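Notes for the one structure printed next.
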Amino acid sequence: MANIVLFNDGTHRNILLEDMDGGGFAVQSNQHVIVHGDSGMILDPGGHKIYGKVLAETFAVLGRAKLRHIFLSHQDPDIVAAINGWLMTTDADAHVSSLWVRFVPHFGLDRLVADRLKAIPDEGTIFDLGGAKLYALPAHFLHSEGNFQLYDPTSKILYSGDLGASLGQDYREVTDFDAHLRYMEGFHRRYMCSRVVMRAWANMVRGLDIEIIAPQHGALFRGKEMVKKFIDWCADLECGVDLITPTFRVPSA
Ligand code: FE
């Protein structure tokens, strides 16, 4: 597992824990840790196959800081499957959409830690990480019905969860946007729900100062120009229900 510094000003650090193999058959995933002073947050820590590695790396990155928050962008297994272990081994609170707080416990949540799974309201919220603000931005239906992204104004990183995910490329940062499309187009056309929500999202994030868009799978987008290209692409993408013509058929043998 590689450990990549995306931002560090001495007080505030943003570290990418990159898992290139995803544990065999499982999809490749990126885990992100944010440390501000003596407080830390992990984003989308993942499932059981990578749990031990991610936990050890996270403690190494934290140093003397304590893990205070676990941010869960949505309810998928590659995000939350190992949540019980995270809550049992740390004192952190976990945060997930209010739509999912009654479903996530089915991954096996001990009674002891169940009250540390907190609901993020539909309109989003602002976390305090040792004095630094982090914004949980509503990004519902991209792809989950209860879905949040995390914006960090200190590092100017937008953690976009499944939005911007790419599969199969062998680089960590996008340098040629058009050549990169082949690794993310199919995923977005099926997993993202509609252009209406893509546009709503684009209109929201265009108002933010963003240097990096970091998805949970695949390569990240760095620099204002690349960030703008990605947002513009999203705003115009037909996807999800836009592409489902009303012609479901019963399969024939
Ligand atoms: Fe997902």
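For ligands, and for the atoms within them, numbers begin at 1 and follow the listed sequence. As the structure is a computational prediction, the values presented were derived from the model and not from experiment.
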* To do: Return the minimal non-hydrogen interatomic distance between I210 and Y151, and the atom names on each side.
  => CG1-CE1, 4.1 Å

* Of all N, O or S atoms in D162, which has the smallest distance to the Fe ion (ligand 1)? -> OD2

* To do: Any chance you could lay out the side-chain contact (heavy atoms from CB on, under 4.5 Å) test for H36 and T11, step after step, and finish with the verdict?
  => CA-CA 6 Å; H36 188 86; T11 309; 3.8 Å; yes

* For the Fe ion (ligand 1): the N/O/S atom of D76 at shortest distance -> OD2

* **Heavy-atom neighbours of R190 CZ exceed 12 at 6.0 Å** => no

* Degrees at the Fe ion (ligand 1) between the NE2 atom of H74 and the NE2 atom of H143, nearest 10° -> 90°

* Establish, from distance only, whether the side-chain atoms of D78 and H217 form a donor-acceptor pair under 3.5 Å. => yes

